[in-house]
Engineer: 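Quick one: the structure is below, and I'll ask about it shortly.
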Amino acid sequence: MIELSIIIPTYGRATKIKHAIQSAFIHSQSEVIVVDDNGQGSAQQLKTESILAELINSKKITYLPLLKNVGGGVARNIGIRQAQGKYITFLDDDDVFIPGKLIEKLNYFKQQVHFEICCSHMQVEENGTYVLTNEDLFVGQHAKHFLLSGSCYTSMIMIKKSALEAIGGFCDTPYLQDHTLLLKAFLKNQRVCVFPQRVFVHRINQGASITSGIRPIAGVQLRCKLEKALTAQVTLSAAERNALHYRWDCIKHHNNVLEHGRNLAVFRFLIEKVIWRTRTRQQCYESLKLLAKFFINYQYYSK
(Lines give C-alpha, C1' and ligand atoms only; values in the text may rest on other atoms or scores of the structure.)
Protein backbone atom coordinates (compact mmCIF):
# COMPACT_ATOMS: atom_id res chain seq x y z
CA MET A 1 0.00 0.00 0.00
CA ILE A 2 1.30 3.45 -0.95
CA GLU A 3 1.70 5.75 2.04
CA LEU A 4 3.33 8.85 0.52
CA SER A 5 3.09 10.27 -3.00
CA ILE A 6 5.84 12.67 -4.09
CA ILE A 7 4.81 14.85 -7.03
CA ILE A 8 7.51 16.48 -9.16
CA PRO A 9 6.32 18.70 -12.02
CA THR A 10 9.00 19.51 -14.58
CA TYR A 11 9.54 22.09 -17.28
CA GLY A 12 12.73 22.88 -19.13
CA ARG A 13 15.11 21.06 -16.76
CA ALA A 14 15.68 17.70 -18.37
CA THR A 15 19.30 17.53 -17.21
CA LYS A 16 18.49 18.32 -13.56
CA ILE A 17 15.34 16.36 -12.74
CA LYS A 18 17.02 12.99 -12.23
CA HIS A 19 18.79 14.29 -9.12
CA ALA A 20 15.46 15.43 -7.71
CA ILE A 21 13.89 12.03 -8.39
CA GLN A 22 16.76 10.07 -6.84
CA SER A 23 16.45 12.11 -3.64
CA ALA A 24 12.74 11.23 -3.43
CA PHE A 25 13.20 7.46 -3.24
CA ILE A 26 12.69 6.88 0.50
CA HIS A 27 10.98 3.50 0.98
CA SER A 28 8.80 0.89 -0.73
CA GLN A 29 5.58 2.51 0.48
CA SER A 30 6.19 5.74 -1.40
CA GLU A 31 5.72 6.63 -5.05
CA VAL A 32 7.27 9.30 -7.26
CA ILE A 33 5.04 10.95 -9.87
CA VAL A 34 6.73 13.08 -12.53
CA VAL A 35 4.39 15.42 -14.40
CA ASP A 36 6.14 16.56 -17.59
CA ASP A 37 4.77 19.99 -18.46
CA ASN A 38 7.04 20.65 -21.44
CA GLY A 39 4.36 19.71 -23.98
CA GLN A 40 4.24 16.31 -25.63
CA GLY A 41 6.59 16.02 -28.58
CA SER A 42 8.63 19.09 -27.67
CA ALA A 43 12.43 18.84 -27.59
CA GLN A 44 12.49 19.17 -23.79
CA GLN A 45 9.79 16.53 -23.31
CA LEU A 46 11.57 14.03 -25.55
CA LYS A 47 14.87 14.73 -23.82
CA THR A 48 13.29 14.34 -20.38
CA GLU A 49 11.64 11.06 -21.34
CA SER A 50 14.92 9.75 -22.76
CA ILE A 51 16.87 10.64 -19.61
CA LEU A 52 14.21 9.00 -17.42
CA ALA A 53 13.63 5.97 -19.69
CA GLU A 54 15.20 3.45 -17.30
CA LEU A 55 13.15 4.70 -14.35
CA ILE A 56 9.98 4.74 -16.46
CA ASN A 57 10.50 1.26 -17.92
CA SER A 58 11.33 -0.24 -14.53
CA LYS A 59 8.21 1.47 -13.10
CA LYS A 60 10.23 3.16 -10.39
CA ILE A 61 8.36 6.34 -11.26
CA THR A 62 5.00 7.24 -12.77
CA TYR A 63 5.68 9.49 -15.77
CA LEU A 64 2.86 11.73 -17.02
CA PRO A 65 3.73 13.73 -20.17
CA LEU A 66 1.14 16.47 -20.76
CA LEU A 67 -0.10 17.42 -24.21
CA LYS A 68 0.76 21.08 -23.66
CA ASN A 69 2.25 23.36 -21.02
CA VAL A 70 -0.43 24.05 -18.40
CA GLY A 71 1.57 25.67 -15.57
CA GLY A 72 2.65 24.46 -12.15
CA GLY A 73 -0.71 24.50 -10.38
CA VAL A 74 -2.58 22.46 -12.98
CA ALA A 75 0.38 20.09 -13.44
CA ARG A 76 0.43 19.33 -9.73
CA ASN A 77 -3.34 18.79 -9.71
CA ILE A 78 -2.92 16.18 -12.45
CA GLY A 79 -0.33 14.45 -10.29
CA ILE A 80 -2.63 14.65 -7.27
CA ARG A 81 -5.41 12.86 -9.16
CA GLN A 82 -3.00 10.02 -9.98
CA ALA A 83 -1.59 9.81 -6.46
CA GLN A 84 -2.32 6.69 -4.44
CA GLY A 85 -0.81 7.81 -1.13
CA LYS A 86 -2.69 8.98 1.95
CA TYR A 87 -0.11 11.76 2.22
CA ILE A 88 1.19 13.95 -0.61
CA THR A 89 4.24 16.17 -0.85
CA PHE A 90 5.94 18.07 -3.64
CA LEU A 91 9.40 18.80 -5.01
CA ASP A 92 10.57 21.20 -7.69
CA ASP A 93 12.50 19.61 -10.53
CA ASP A 94 15.82 21.25 -9.68
CA ASP A 95 15.64 20.83 -5.88
CA VAL A 96 16.56 17.79 -3.77
CA PHE A 97 15.44 16.30 -0.49
CA ILE A 98 18.05 16.21 2.26
CA PRO A 99 18.88 12.53 2.96
CA GLY A 100 16.73 11.04 5.71
CA LYS A 101 14.67 14.17 6.35
CA LEU A 102 11.60 13.37 4.24
CA ILE A 103 10.95 10.07 6.05
CA GLU A 104 11.49 11.83 9.39
CA LYS A 105 8.91 14.42 8.41
CA LEU A 106 6.44 11.75 7.31
CA ASN A 107 6.80 9.84 10.56
CA TYR A 108 6.36 13.07 12.53
CA PHE A 109 3.24 14.00 10.56
CA LYS A 110 1.68 10.57 11.08
CA GLN A 111 1.82 11.20 14.83
CA GLN A 112 -0.02 14.55 14.52
CA VAL A 113 -3.46 13.00 14.15
CA HIS A 114 -5.42 16.25 14.50
CA PHE A 115 -3.64 18.06 11.66
CA GLU A 116 -4.27 18.00 7.90
CA ILE A 117 -1.01 19.68 6.83
CA CYS A 118 2.61 19.50 7.93
CA CYS A 119 5.07 22.20 6.86
CA SER A 120 8.83 22.37 7.30
CA HIS A 121 11.83 24.52 6.39
CA MET A 122 14.38 24.50 3.57
CA GLN A 123 18.06 24.98 2.90
CA VAL A 124 18.85 27.52 0.17
CA GLU A 125 21.71 26.98 -2.25
CA GLU A 126 23.07 29.44 -4.81
CA ASN A 127 25.81 28.42 -7.25
CA GLY A 128 26.58 25.38 -5.13
CA THR A 129 26.93 27.35 -1.89
CA TYR A 130 24.48 27.36 1.02
CA VAL A 131 23.17 30.84 1.72
CA LEU A 132 21.11 32.38 4.51
CA THR A 133 17.92 34.12 3.40
CA ASN A 134 14.79 35.51 5.04
CA GLU A 135 12.68 32.94 3.20
CA ASP A 136 14.21 29.63 4.26
CA LEU A 137 11.78 29.11 7.15
CA PHE A 138 8.09 28.33 6.92
CA VAL A 139 6.09 31.08 8.64
CA GLY A 140 2.41 30.97 9.55
CA GLN A 141 1.24 27.90 11.46
CA HIS A 142 -2.04 29.61 12.33
CA ALA A 143 -4.45 31.42 10.02
CA LYS A 144 -3.88 34.91 11.42
CA HIS A 145 -0.10 34.58 11.41
CA PHE A 146 -0.12 33.30 7.84
CA LEU A 147 -2.51 36.04 6.74
CA LEU A 148 -0.30 38.80 8.13
CA SER A 149 3.21 37.52 7.45
CA GLY A 150 3.08 34.00 6.01
CA SER A 151 5.92 32.53 3.96
CA CYS A 152 5.73 29.14 2.27
CA TYR A 153 7.27 27.25 -0.65
CA THR A 154 5.44 24.34 -2.28
CA SER A 155 8.04 21.77 -1.26
CA MET A 156 7.59 22.78 2.38
CA ILE A 157 4.09 21.31 2.27
CA MET A 158 3.06 17.75 3.12
CA ILE A 159 -0.71 17.29 3.14
CA LYS A 160 -3.29 14.55 3.39
CA LYS A 161 -4.81 13.76 0.01
CA SER A 162 -8.29 14.06 1.51
CA ALA A 163 -7.46 17.61 2.62
CA LEU A 164 -6.22 18.51 -0.86
CA GLU A 165 -9.41 17.18 -2.40
CA ALA A 166 -11.51 19.14 0.10
CA ILE A 167 -10.00 22.45 -1.06
CA GLY A 168 -9.90 21.59 -4.76
CA GLY A 169 -6.14 21.34 -5.07
CA PHE A 170 -3.99 24.16 -6.40
CA CYS A 171 -5.38 27.23 -8.10
CA ASP A 172 -4.65 27.69 -11.78
CA THR A 173 -2.55 30.78 -11.18
CA PRO A 174 0.81 31.78 -12.68
CA TYR A 175 2.29 32.88 -9.34
CA LEU A 176 2.03 32.16 -5.60
CA GLN A 177 0.52 28.70 -6.06
CA ASP A 178 1.93 27.58 -2.70
CA HIS A 179 0.69 30.63 -0.79
CA THR A 180 -2.81 30.51 -2.25
CA LEU A 181 -3.05 26.78 -1.50
CA LEU A 182 -2.49 27.41 2.21
CA LEU A 183 -4.90 30.34 2.23
CA LYS A 184 -7.56 28.00 0.81
CA ALA A 185 -6.70 25.44 3.47
CA PHE A 186 -7.09 27.99 6.28
CA LEU A 187 -10.42 29.10 4.79
CA LYS A 188 -11.56 25.48 5.24
CA ASN A 189 -10.30 25.51 8.85
CA GLN A 190 -7.59 22.98 8.10
CA ARG A 191 -4.83 22.76 10.69
CA VAL A 192 -1.08 23.03 10.13
CA CYS A 193 1.64 21.46 12.23
CA VAL A 194 5.32 22.27 11.79
CA PHE A 195 8.21 19.83 11.48
CA PRO A 196 10.96 22.25 12.62
CA GLN A 197 13.76 21.03 10.37
CA ARG A 198 15.11 21.71 6.88
CA VAL A 199 13.85 18.93 4.63
CA PHE A 200 14.99 19.93 1.14
CA VAL A 201 17.54 22.07 -0.67
CA HIS A 202 16.09 24.88 -2.76
CA ARG A 203 18.43 25.85 -5.58
CA ILE A 204 18.33 29.42 -6.83
CA ASN A 205 18.83 29.56 -10.57
CA GLN A 206 18.01 31.66 -13.61
CA GLY A 207 16.78 28.81 -15.77
CA ALA A 208 13.36 27.86 -17.10
CA SER A 209 10.45 27.70 -14.70
CA ILE A 210 7.32 25.58 -14.96
CA THR A 211 5.28 28.72 -14.32
CA SER A 212 5.92 31.09 -17.21
CA GLY A 213 6.23 34.85 -16.79
CA ILE A 214 7.93 36.99 -14.13
CA ARG A 215 5.74 37.97 -11.17
CA PRO A 216 2.40 37.99 -13.00
CA ILE A 217 0.00 40.22 -11.09
CA ALA A 218 -2.90 37.77 -11.43
CA GLY A 219 -1.36 35.51 -8.79
CA VAL A 220 -0.99 38.38 -6.33
CA GLN A 221 -4.55 39.54 -7.00
CA LEU A 222 -5.80 36.03 -6.22
CA ARG A 223 -3.80 36.05 -2.99
CA CYS A 224 -5.42 39.36 -2.04
CA LYS A 225 -8.90 37.97 -2.79
CA LEU A 226 -8.31 34.94 -0.56
CA GLU A 227 -6.79 37.09 2.17
CA LYS A 228 -9.87 39.34 2.19
CA ALA A 229 -12.07 36.26 2.61
CA LEU A 230 -9.89 34.98 5.46
CA THR A 231 -10.17 38.26 7.39
CA ALA A 232 -13.77 37.27 8.19
CA GLN A 233 -12.47 34.26 10.15
CA VAL A 234 -9.81 35.91 12.31
CA THR A 235 -9.75 38.72 14.86
CA LEU A 236 -7.58 41.64 13.78
CA SER A 237 -6.53 44.85 15.48
CA ALA A 238 -6.93 48.21 13.76
CA ALA A 239 -3.19 48.27 13.01
CA GLU A 240 -3.32 44.79 11.49
CA ARG A 241 -6.28 45.72 9.31
CA ASN A 242 -4.46 48.84 8.16
CA ALA A 243 -1.41 46.76 7.24
CA LEU A 244 -3.54 44.44 5.13
CA HIS A 245 -5.36 47.29 3.39
CA TYR A 246 -2.01 48.94 2.71
CA ARG A 247 -0.79 45.69 1.09
CA TRP A 248 -3.94 45.32 -1.02
CA ASP A 249 -3.90 48.96 -2.14
CA CYS A 250 -0.26 48.61 -3.18
CA ILE A 251 -1.27 45.74 -5.46
CA LYS A 252 -4.21 47.75 -6.76
CA HIS A 253 -1.81 50.59 -7.58
CA HIS A 254 0.44 48.22 -9.51
CA ASN A 255 -2.56 47.01 -11.47
CA ASN A 256 -3.69 50.59 -12.13
CA VAL A 257 -0.31 51.32 -13.70
CA LEU A 258 -0.51 48.18 -15.82
CA GLU A 259 -4.06 48.99 -16.94
CA HIS A 260 -3.85 52.75 -17.42
CA GLY A 261 -0.21 53.75 -17.44
CA ARG A 262 1.01 56.81 -15.57
CA ASN A 263 -1.68 59.46 -15.34
CA LEU A 264 -3.11 61.87 -12.78
CA ALA A 265 -5.85 59.48 -11.58
CA VAL A 266 -3.32 56.72 -10.94
CA PHE A 267 -1.04 59.16 -9.12
CA ARG A 268 -3.94 60.39 -6.95
CA PHE A 269 -4.75 56.81 -5.97
CA LEU A 270 -1.11 56.26 -5.00
CA ILE A 271 -1.13 59.36 -2.79
CA GLU A 272 -4.61 59.00 -1.25
CA LYS A 273 -4.92 55.23 -0.85
CA VAL A 274 -1.33 54.06 -0.39
CA ILE A 275 0.92 56.81 0.91
CA TRP A 276 -1.80 58.33 3.10
CA ARG A 277 -2.23 54.91 4.76
CA THR A 278 1.48 54.67 5.59
CA ARG A 279 2.04 54.09 9.30
CA THR A 280 5.19 52.05 9.89
CA ARG A 281 8.83 52.56 8.95
CA GLN A 282 8.63 49.61 6.54
CA GLN A 283 5.54 51.08 4.89
CA CYS A 284 7.34 54.44 4.52
CA TYR A 285 10.16 52.63 2.75
CA GLU A 286 7.74 50.77 0.46
CA SER A 287 5.82 53.98 -0.30
CA LEU A 288 8.99 55.81 -1.28
CA LYS A 289 9.88 52.94 -3.60
CA LEU A 290 6.43 53.10 -5.21
CA LEU A 291 6.82 56.83 -5.79
CA ALA A 292 10.24 56.35 -7.35
CA LYS A 293 8.98 53.52 -9.57
CA PHE A 294 6.05 55.66 -10.69
CA PHE A 295 8.30 58.53 -11.77
CA ILE A 296 10.87 56.38 -13.56
CA ASN A 297 8.13 54.17 -15.06
CA TYR A 298 9.41 50.92 -13.55
CA GLN A 299 6.93 48.06 -13.10
CA TYR A 300 7.54 45.09 -10.80
CA TYR A 301 4.61 43.03 -12.11
CA SER A 302 3.35 41.94 -15.52
CA LYS A 303 -0.13 41.20 -16.83
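Everything quoted here is computed from the prediction, not taken from an experiment. No hydrogens, no waters, no symmetry mates; every other heavy atom, side chains included, goes into these values.
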Engineer: Using a 3.5 Å distance criterion without hydrogens, assess whether the side chain of Lys161 forms a donor-acceptor pair with backbone atoms of Ala83.
Structural biologist: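 At least one qualifying donor-acceptor pair exists.
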Engineer: For atom NZ of Lys293, decide whether the heavy atoms of other residues, nucleotides or ligands shown that lie under 6.0 angstrom number more than 12.
Structural biologist: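 Atom NZ in Lys293 is crowded, with more than 12 foreign heavy atoms closer than 6.0 Å.
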Engineer: Could you tell me whether a side-chain N or O of Glu3 sits under 3.5 Å from a main-chain N or O of Ser30, the two making a donor and an acceptor?
Structural biologist: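 Not confirmed, Glu3 side chain does not pair with Ser30 backbone.
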Engineer: Using links of under 4.5 Å between side-chain heavy atoms of ILVMFWY residues, direct or through other members, which residues join Tyr285 in one cluster?
Structural biologist: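 Other cluster members: none.
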Engineer: Tell me whether Glu31 contacts the main-chain N or O of Gln84 through its side chain, where contact means a donor paired with an acceptor under 3.5 Å.
Structural biologist: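 Present.
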Engineer: Quick one: list whatever passes salt bridge (charged side-chain N to carboxylate O under 4.0 Å, His left out) with Lys303, sequence neighbours left out.
Structural biologist: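 Partners of Lys303 by the salt bridge (charged side-chain N to carboxylate O under 4.0 Å, His left out) criterion, ordered by chain and then number, come out as Glu259.
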Engineer: Do side-chain atoms of Glu116 reach the backbone of Arg191 as a donor and acceptor pair under 3.5 angstrom?
Structural biologist: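 At least one qualifying donor-acceptor pair exists.
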Engineer: Just wondering, are more than 12 heavy atoms of other shown residues or ligands nearer than 6.0 Å to NZ in Lys273?
Structural biologist: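 No, the 6.0 Å shell around NZ holds no more than 12 heavy atoms from other groups.
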Engineer: Quick one: ring pair (Phe, Tyr, Trp, His ring centres under 6.0 Å) pairs with a partner in residues 146-172, sequence neighbours left out?
Structural biologist: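 Counting only pairs at least two positions apart or across chains, the ring pair (Phe, Tyr, Trp, His ring centres under 6.0 Å) contacts touching residues 146-172 are Phe90-Phe170, Phe146-His179, Phe146-Phe186, Tyr153-His202.
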Engineer: Met158 and Lys105: side-chain contact (heavy atoms from CB on, under 4.5 Å), yes or no, with the steps?
Structural biologist: CA-CA 9 Å; Met158 184 179 289; Lys105 180 178 178 179; 3.8 Å; yes
Engineer: Does the Thr48 side chain pair with the main chain of Gln44, one donor and one acceptor, at a distance under 3.5 Å?
Structural biologist: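 At least one qualifying donor-acceptor pair exists.
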Engineer: Is a side-chain donor or acceptor of Gln45 paired with a backbone partner of Gly41 at a separation under 3.5 angstrom?
Structural biologist: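 Confirmed, Gln45 side chain pairs with Gly41 backbone.
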Engineer: Could you pull out all residues at least two apart from Gln29 that satisfy side chain to side chain donor-acceptor pair (under 3.5 Å)?
Structural biologist: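 If we apply the side chain to side chain donor-acceptor pair (under 3.5 Å) test to Gln29, skipping adjacent residues, there are no hits.
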Engineer: Taking the basic N atoms (NZ, or NE/NH1/NH2) and the acidic carboxylate oxygens, is any pair closer than 4.0 Å for Asp93 and Arg13?
Structural biologist: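 Yes, charged N to carboxylate O under 4.0 Å.
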Engineer: Could you list the residues that satisfy side chain to side chain donor-acceptor pair (under 3.5 Å) with Gln123, not counting sequence neighbours?
Structural biologist: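 Partners of Gln123 by the side chain to side chain donor-acceptor pair (under 3.5 Å) criterion come out as none, since no residue qualifies.
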Engineer: Within a reach of under 6.0 Å around CD of Gln233, are more than 12 heavy atoms found that belong to other residues, nucleotides or ligands?
Structural biologist: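 More than 12 heavy atoms, drawn from other residues, nucleotides or ligands, come within 6.0 Å of this atom.
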Engineer: Check for a donor-acceptor pair, side chain of Asn107 on one end and backbone N or O of Ile103 on the other, with a separation under 3.5 Å.
Structural biologist: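 Checked: pair present.
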Engineer: Of all residues at least two apart in sequence or in a different chain, which pass the salt bridge (charged side-chain N to carboxylate O under 4.0 Å, His left out) check with Lys289?
Structural biologist: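 Applying salt bridge (charged side-chain N to carboxylate O under 4.0 Å, His left out) to Lys289 gives Glu286.
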Engineer: Identify whether the distance between the nearest side-chain nitrogen and carboxylate oxygen of Glu240 and Lys144 falls below 4.0 Å.
Structural biologist: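 Salt bridge present between Glu240 and Lys144.
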Engineer: Just by distance, do the side chain of Gln177 and the backbone of Thr173 share a donor-acceptor pair under 3.5 Å?
Structural biologist: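 Yes; judged by distance alone, with no hydrogens or angles, the pair exists.
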Engineer: In chain order, what residues pass the salt bridge (charged side-chain N to carboxylate O under 4.0 Å, His left out) check against Lys184, with sequence neighbours excluded?
Structural biologist: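 For Lys184 there are no salt bridge (charged side-chain N to carboxylate O under 4.0 Å, His left out) partners, ignoring immediate neighbours.
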Engineer: Within the distance-only criterion (no hydrogens, no angle test), does the side chain of Asn69 pair as donor or acceptor with the backbone N or O of Gly39 below 3.5 angstrom?
Structural biologist: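 Side chain of Asn69 to backbone of Gly39: no pair is present.
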Engineer: By the definition side chain to side chain contact (heavy atoms under 4.5 Å, CB included), identify the one residue from Val32, Ile33, Asp36 that meets it with Ile8.
Structural biologist: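 Single pass found, and it is Val32.
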Engineer: List in chain and number order the residues that pass side chain to side chain donor-acceptor pair (under 3.5 Å) with Ser28, two or more places apart in sequence or in another chain; answer none if no residue qualifies.
Structural biologist: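 Result, side chain to side chain donor-acceptor pair (under 3.5 Å) vs Ser28: none returned.
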Engineer: Report yes or no: does Tyr108 contribute a side-chain atom to a donor-acceptor pair with the main-chain N or O of Val194 at less than 3.5 Å?
Structural biologist: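 Yes.
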Engineer: Is there a side-chain contact between Leu236 and Leu148 in this structure, where contact means two heavy atoms from C-beta onward sitting under 4.5 Å apart?
Structural biologist: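 When only atoms from C-beta onward are counted, Leu148 and Leu236 do touch, with a gap below 4.5 Å.
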Engineer: Got a sec, which residues hit side chain to side chain contact (heavy atoms under 4.5 Å, CB included) with Ser155, two or more places apart in sequence or on another chain?
Structural biologist: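 By the side chain to side chain contact (heavy atoms under 4.5 Å, CB included) rule, Ser155 matches Leu91, Asp92, Phe200.
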Engineer: Is there a side-chain contact (heavy atoms from CB on, under 4.5 Å) between Phe109 and Thr89 once you walk through the steps?
Structural biologist: CA-CA 12 Å; Phe109 189 18; Thr89 196; over 6 Å; no
Engineer: Suppose we screen for salt bridge (charged side-chain N to carboxylate O under 4.0 Å, His left out). Which residues come up paired with Glu272, at least two apart in sequence or across chains?
Structural biologist: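 Glu272 satisfies salt bridge (charged side-chain N to carboxylate O under 4.0 Å, His left out) with Arg268 only.
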Engineer: Taking the side chain as everything from C-beta on, heavy atoms only, tell me whether Leu106 gets closer than 4.5 Å to Phe195.
Structural biologist: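 SC-SC contact between Leu106 and Phe195 ruled out.
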Engineer: Output the rest of the hydrophobic cluster of Tyr130: all Ile, Leu, Val, Met, Phe, Trp and Tyr residues reachable through side-chain heavy-atom contacts under 4.5 Å, sorted by chain and number.
Structural biologist: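 Taking Ile, Leu, Val, Met, Phe, Trp and Tyr as members, Tyr130 shares its hydrophobic cluster with Val96, Ile98, Val201.
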Engineer: Yes or no on side-chain contact (heavy atoms from CB on, under 4.5 Å) for Val124 and Glu135, after CA distance, side-chain angles and deciding distance?
Structural biologist: CA-CA 9 Å; Val124 179; Glu135 296 182 338; over 6 Å; no
Engineer: Crowded around Ile296 CD1? As in, over 12 foreign heavy atoms under 6.0 Å?
Structural biologist: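 Yes.
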Engineer: How is the hydrophobic cluster of Ile271 composed, in terms of its other members, when Ile, Leu, Val, Met, Phe, Trp and Tyr link through side-chain heavy atoms under 4.5 Å apart, directly or indirectly?
Structural biologist: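 Its cluster mates, by chain and number, are Tyr246, Val257, Val266, Phe267, Phe269, Leu270, Val274, Ile275, Leu290, Leu291, Phe294, Phe295.
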Engineer: Name the one of Leu182, Val199, Ile157 that satisfies side chain to side chain contact (heavy atoms under 4.5 Å, CB included) with Phe138?
Structural biologist: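 Exactly one pass, corresponding to Leu182.
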Engineer: Any chance NZ of Lys86 has more than 12 other-residue heavy atoms, nucleotides or ligands included, within less than 6.0 Å?
Structural biologist: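 At most 12 heavy atoms, drawn from other residues, nucleotides or ligands, come within 6.0 Å of this atom.
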